[in-house]
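Proteins get letters first, then strands, A, B, ... in listed order; numbering begins at 1 in each. Side chains are part of it too, since the values below use all heavy atoms of this structure and drop only hydrogens, waters and symmetry mates. In this text, all values refer to a predicted model and were calculated from it rather than measured experimentally.
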Number of protein chains: 2
Amino acid sequence: MVAVSETPSRQEQKGRTREAILNAALELSSTHGFAQISLRQVSRQAGVVPTAFYRHFESMDELGLALVERSFLTLRTMIREAQRDPQVFENIIDASAEVLVRVVKQNRMHFAFVARERASGSAAVREAIQRELELFISELAVVLARLPNIETWSSEDVKLAAGLFVRNMVYRAEQVVQMPEGRPDREEEITRKARREMRLIVLGFEAWES
Amino acid sequence: MVAVSETPSRQEQKGRTREAILNAALELSSTHGFAQISLRQVSRQAGVVPTAFYRHFESMDELGLALVERSFLTLRTMIREAQRDPQVFENIIDASAEVLVRVVKQNRMHFAFVARERASGSAAVREAIQRELELFISELAVVLARLPNIETWSSEDVKLAAGLFVRNMVYRAEQVVQMPEGRPDREEEITRKARREMRLIVLGFEAWES
DNA sequence: TTCCTCAGTGAACATGCGTACACTGAAATT
DNA sequence: AATTTCAGTGTACGCATGTTCACTGAGGAA
């Protein structure tokens with residue numbers, strides 16, 4: 001047998017430990033909520049002594065912010081990939097509802113973190129999530145603005161509609177996160193409801209006059 | 001001088017202490033979140049020794065449930081009173097938006113508690129809030145079902161629409177709670193947005209076909 | 001080869017926590 | 001008047017926490 005793995009450089013090793021801490025925090029907070037987990041618990045789960053934590057983050061608060069950043073990075077990547085799905089062009093609403101459920105299931109913990117800490121994290125974490133969601137709404141607004149019925153709206157109205165959409169999606173995402181494993185019936189129900197809600201909102205679009 | 005106040009009965013006194021504990025918990029959790037406050041902090045703020053806590057609640061979890069119950073009781077009472085406002089009959093949407101902002105401002109801490117713990121409390125607290133919100137949606141659905149455009153809908157569709165409404169109201173309520181004191185401009189903005197969102201949804205109603 | 005850098009260690013600390021226990025004294029009951 | 005009930009007290013405990021400090025030893029630079 002030959003040793004295949006090279007000795008990792010110092011940077012690499014540091015990066016790995018950092019990842020281990022982030023993952024430990026994400027996992028622990030998925031059951032108890034980020035606010036209630038301790039620096040020592042996170043370190044223990046990451047396989048590291050409490051003092052080593054400080055080599056990577058100054059405080060739990062800073063860890064929280066890093067977690068927000070990483071979660072949204074994952075989510076944005078996934079959703080951009082999903083937008084390339086050819087189905088999405090054919091029927092935006094039906095495809096979006098299915099994509100939503102699929103994407104959330106694939107990244108359950110990231111969504112759970114965002115949904116939970118949005119309302120309850122430390123002030124800094126809350127604000128960071130709020131900002132990211134606003135960004136998300138603005139992105140969607142740009143997409144919406146190209147739709148036939150919407151071209152003539154004021155940009156404020158488009159953002160309003162986008163906000164309605166995103167907030168409803170966040171709610172349905174929360175439900176998918178809470179959903180017990182292996183319940184395709186619940187999954188189907190959530191997808192169906194999301195689809196109908198989006199239809200209802202879109203019907204509002206069509207009748208809107210600024 | 002004559003002693004005006006009668007000596008309170010044992011029951012009365014117990015009730016007062018219970019209230020003191022509930023208020024202490026509500027106030028403390030408005031800054032740090034219910035999950036992070038300790039039995040000792042609550043007792044201290046209520047002016048009582050930690051052990052006395054157990055005469056009223058078996059655990060912090062039970063306190064949390066009592067807080068959910070009391071908050072929703074307050075909220076339901078206020079909203080039912082608001083429904084008697086004659087303006088509400090004339091123009092449901094515009095009046096509702098204003099009532100929403102006013103009611104939330106009057107009971108800031110109760111709304112803050114519900115909004116925050118909805119996503120992040122202990123499992124028991126979360127489920128209790130979820131259940132109360134479902135009840136609330138059902139109540140609204142009954143009101144909506146009497147509207148002219150909606151009479152013919154299936155009851156599932158009516159609940160769907162009611163859910164959309166309530167969830168959006170919860171979101172706007174969160175904003176009112178976070179709103180800094182003495183900012184009538186922010187208040188006006190939130191009212192205006194809530195109004196338009198509700199209009200957009202109502203337009204969807206009108207175009208809906210089951 | 002020699003020296004330096006620095007990610008991770010391990011012991012020690014003060015503090016706040018939940019809960020058990022025996023208690024007090026006034027209101028309620030007899 | 002005598003007795004019981006029970007909301008609230010005070011002490012004491014074992015435990016987990018955040019942070020400090022001096023340390024080790026392997027990777028990287030000289």
Can you check the [X] [atom1] to [N] [atom2] distance for me, whole Å?
X     : N      : atom1 : atom2 : result
A:L28 : D:dT17 : CG    : C1'   : 15 Å
B:F53 : C:dG16 : CZ    : C1'   : 16 Å
B:E12 : C:dA28 : CD    : C1'   : 14 Å
A:R18 : C:dA7  : CZ    : P     : 13 Å
A:R40 : C:dG10 : CZ    : P     : 13 Å
B:K14 : D:dG8  : NZ    : P     : 8 Å
A:Y54 : C:dC6  : OH    : C1'   : 18 Å
A:F57 : D:dG18 : CZ    : P     : 15 Å

Original post:
Taking atom types as they are modelled, is there a donor-acceptor pair under 3.5 Å from the base of D:dG28 to the side chain of A:R10?
Top reply: no
Subject >> N/O donor-acceptor pair, side chain A:T51 with base C:dG10, under 3.5 angstrom >> reply: yes
Which nucleotide in [options] has an atom nearest any side-chain atom of [X]:
X     : options                : result
A:L39 : C:dG18, D:dG18, D:dG28 : D:dG18
B:H56 : D:dT19, D:dG8, C:dG10  : D:dG8
A:V48 : C:dT9, D:dT19, D:dT9   : C:dT9
B:Q41 : C:dC17, D:dA26, D:dT19 : C:dC17
A:S38 : C:dT19, C:dC17, D:dT17 : D:dT17
A:R44 : D:dT17, D:dT9, C:dC17  : D:dT17

Subject >> Phosphate OP1/OP2 of C:dG8 contacted by A:T17 side-chain N/O (<4.0 Å) >> reply: yes
Original post:
Which comes earlier along DNA chain D counting from the 5' end, the contact point of B:P50 or that of A:R55, where each point is its nearest nucleotide?
Top reply: B:P50
Original post:
Would you call B:E174 and A:R118 a salt bridge, using N to O less than 4.0 angstrom?
Top reply: yes
**OP:** Describe the nucleic acid contact of B:S9 in one word from base, sugar-phosphate, nothing, applying a heavy-atom distance below 4.0 Å.
**Re:** sugar-phosphate
**OP:** For A:R116 and B:S120, indicate whether the former's side chain and the latter's backbone hold a donor-acceptor pair under 3.5 Å.
**Re:** no
**OP:** Measure up the A:W153 and A:F205 rings against each other and bin them: parallel (under 30°), tilted (30 to 60°), perpendicular (over 60°).
**Re:** perpendicular
**OP:** Indicate whether any N or O donor in one side chain lies under 3.5 Å from an N or O acceptor in the other, for B:R44 and B:Q41.
**Re:** no
Original post:
Just wondering, more than 12 heavy atoms not from B:Q130 lying within 6.0 Å of its CD?
Top reply: yes
